[in-house]
Amino acid sequence: MTAPRPHSRGRLLRALLVLHRWMGVIIGAVMTLWCLTGFVMLYVDYPRLLPAEQLRGLSPLHLPAGGSLSRITLPPDTGLASARLEMVAGKPVLRVVPEKSGGRTIWQMRATPQSYDLGSGALLAPLSREDLGKVGTEFGRNVGIDGPVAAIVPISVDQWTVQAFRANRPLYRVDYADAAGSTAYIAGLTGEVVQKTTRFERFWGWLGAVPHWLYPTVLRQNPTAWSQAVIWTSLIGCFLTVTGIWVGISRLRRGKDGTIGSPYRGLWWWHHMAGLVFGLLALTWVGSGLFSMSPWGLFDSDAGLVERQRLAGAMRWTDIRAALANVNQLPIDTVRVESAPLGGKMAFVAIAADGRMVRLDSSGRPAILTRADVAAALQNGPRVVSLALLSEGDSYYYAHKERVRLPVWRAVLADPQATRVYIDAGSGTLLRAVDGTGRAERWLWNAPHSFDLPGLRQGLLRYIIILPLLAAVTLVCGTGAWMGMRKLGCDLWRICRRIRRRLSRRSFFLRSRSQS
């Protein structure tokens, strides 16, 4: 096989340079936007209602007199994935999620939970405007919103509910008359508060998460189109970065004094040298951003579903109803009672607004979860290589932007994926299952994209390292996009001048002919 001729390499390099330059006009501008919005996202994330705040917004649970569960018209053998009790507009409500729908699991079908009024046993009716006002007022008071409900507005999907709208419609926005400009969003059929924002979060969301994730409502409300747009933009960004590194290395020249440097001057020099030094970092960030989308199912995993079903076991309405009937006295200031079966045995967790919880067995008595309970539940699956109680996180279960429950039981299984299972030490519920695919995702996406590494998740050192590096990559992308736009503007100006000259000549020629 003969080596390519020098002039062939030269043509290839020129072709790559032209391609790199013109791709940089659009994709380079998008990558610059990603960098600039990345500064914002270091401090302010996309507005969302965290589970802890949703829990804090609930009112104290008051169980009705015995016999109310028998009025709920669910077939006794109905399989359920979960069940919980909480208050909605002053009424105790039972929420259940069917285990199957059309022969497929609830996690595949994304079925809507069913809510029952425990007072009447009937399905919960759509909330009236008065009930929506009660839910909004109670939530605002419980989470510390300093102002009354000012308006309740039915909405279609908006910028802050593109994730929550489809599963919770009809959706109502509750506006509060407080200094923070708080809003909450309530699902009209279930009375659940599913989102909360403030004026501060919305302002910085428009400058951070929305452009960073290519998240405008018109695109994000179509999940397939949005996913493909992000994937292909990231792929082109990777190609742009790789060609830039290649062209940058190829353009290095040796000076008269023997040193190797750039033949460019001014802004071109900054782009050339910064690209050589920080191009690989730019490729790491845009590549890990691509991996965050799990393109073409690269990081799809059913470990959580499989392990959740295996640990919990079958759960039928008749068993849940019998166990709930024994829950007469709540051991703490409970706002929610939630199913927590383990190893095929029915159990519940009474949860307070501050997150404290007490596990209750099927007879309604407090039951502390033991190592033997966890080990017995794990016997239904692969052999357990190790079982340890963690009081601190590890490489795959840790606090980053959100707090995590601790302590947890960590079991490493002897399956082909060496799956790690994390079980809440208080409730016995599965918190996370990480198989080989999950570990790959953690190191190919989380770690490089947000410097999600031990010692760099919080604190001053994180910003001392990330801010200069992000500024350098912004310089690479920004100078490239700016030079491409200038080149495009100059070329368009030349084309316009040529067209104008030709039109002038043609006009002169036509006038000359008419005069002759």
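Computed from a predicted model, the values in this text were never measured in an experiment. Nothing fancy with the numbering, it's 1 onward along the sequence.
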Minimum-distance pair of heavy atoms, taken over all atoms of [X] and [Y]:
X	Y	result
Ser427	Met357	CB-SD, 3.8 Å
Pro382	Asp415	CG-CB, 3.9 Å
Pro47	Thr197	CB-CG2, 3.8 Å
Gly191	Val88	CA-CG1, 4.0 Å
Arg442	Asp452	NH2-O, 3.0 Å
Gly133	Val149	O-CG2, 4.4 Å

To the nearest 0.5 Å, what is the distance between [atom1] on [X] and [atom2] on [Y]?
X	Y	atom1	atom2	value
Phe291	Asn446	CZ	CG	12.5 Å
Trp445	Ser294	CH2	OG	9.5 Å
Leu240	Ile245	CG	CD1	10.0 Å
Thr161	Arg173	OG1	CZ	9.5 Å
Arg56	Phe139	CZ	CZ	8.0 Å
Leu171	Leu189	CG	CG	10.0 Å

- Message: Assess the residue pair Asp394 and Tyr397 against the criterion (side chain to side chain contact (heavy atoms under 4.5 Å, CB included)); give the C-alpha distance rounded to whole Å, side-chain angles, the decisive distance to 0.1 Å, and a yes or no.
- Response: CA-CA 5 Å; Asp394 63 6; Tyr397 182 83; 3.6 Å; yes
A side-chain contact here means heavy atoms from C-beta on lying under 4.5 Å apart; do [X] and [Y] qualify?
X	Y	result
Glu307	Leu413	yes
Asn168	Gln195	no
Val349	Asp424	no
Val473	Met31	no
Asp300	Thr437	no
Arg166	Pro223	yes
Leu49	Val194	no
Trp34	Leu214	yes

- Message: Assess the residue pair Leu444 and Phe299 against the criterion (side chain to side chain contact (heavy atoms under 4.5 Å, CB included)); give the C-alpha distance rounded to whole Å, side-chain angles, the decisive distance to 0.1 Å, and a yes or no.
- Response: CA-CA 10 Å; Leu444 292 176; Phe299 296 123; 4.0 Å; yes
I'd like to know if the side chain of [X] and the backbone of [Y] have a donor-acceptor N/O pair within less than 3.5 Å.
X	Y	answer
Arg405	Gly426	no
Arg95	Thr190	yes
Trp409	Ala388	no
Thr233	Val230	no
Tyr398	Leu453	no
Asp146	Asp178	no
Arg308	Ala433	no

Within a reach of under 6.0 Å around [atom1] of [X], are more than 12 heavy atoms found that belong to other residues, nucleotides or ligands?
X	atom1	answer
Trp443	CH2	yes
Asp354	CG	yes
Leu387	CG	yes

Listed partners of [X] passing side-chain hydrogen bond (donor to acceptor under 3.5 Å, both in side chains), at least two apart:
X	value
Thr474	none
Arg251	none
Thr217	Gln159

- Answer with yes or no whether the side chains of Ser339 and Ser82 bring together a donor and an acceptor at under 3.5 Å.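 Ser82 vs Ser339: no donor-acceptor pair found between side chains.
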- Task: Not counting sequence neighbours, which residues clear ring pair (Phe, Tyr, Trp, His ring centres under 6.0 Å) with Tyr172? List them please.
- Result: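 Tyr172 satisfies ring pair (Phe, Tyr, Trp, His ring centres under 6.0 Å) with no residue once adjacent residues are dropped.
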- Task: Could you tell me which residues satisfy ring pair (Phe, Tyr, Trp, His ring centres under 6.0 Å) with Trp226, sequence neighbours excluded, listed by chain and number?
- Result: Tyr215
- Message: With salt bridge (Lys or Arg N to Asp or Glu O under 4.0 Å) as the rule and sequence neighbours excluded, what pairs involving residues 189-206 come up?
- Response: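 Of all non-adjacent pairs touching residues 189-206, those that pass salt bridge (Lys or Arg N to Asp or Glu O under 4.0 Å) are Glu53-Lys196, Arg84-Glu192.
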- Tyr185 and Trp160: ring-ring contact (aromatic ring centres under 6.0 Å, His included), yes or no, with the steps? CA-CA 9 Å; Tyr185 294 83; Trp160 316 114; 9.0 Å; no
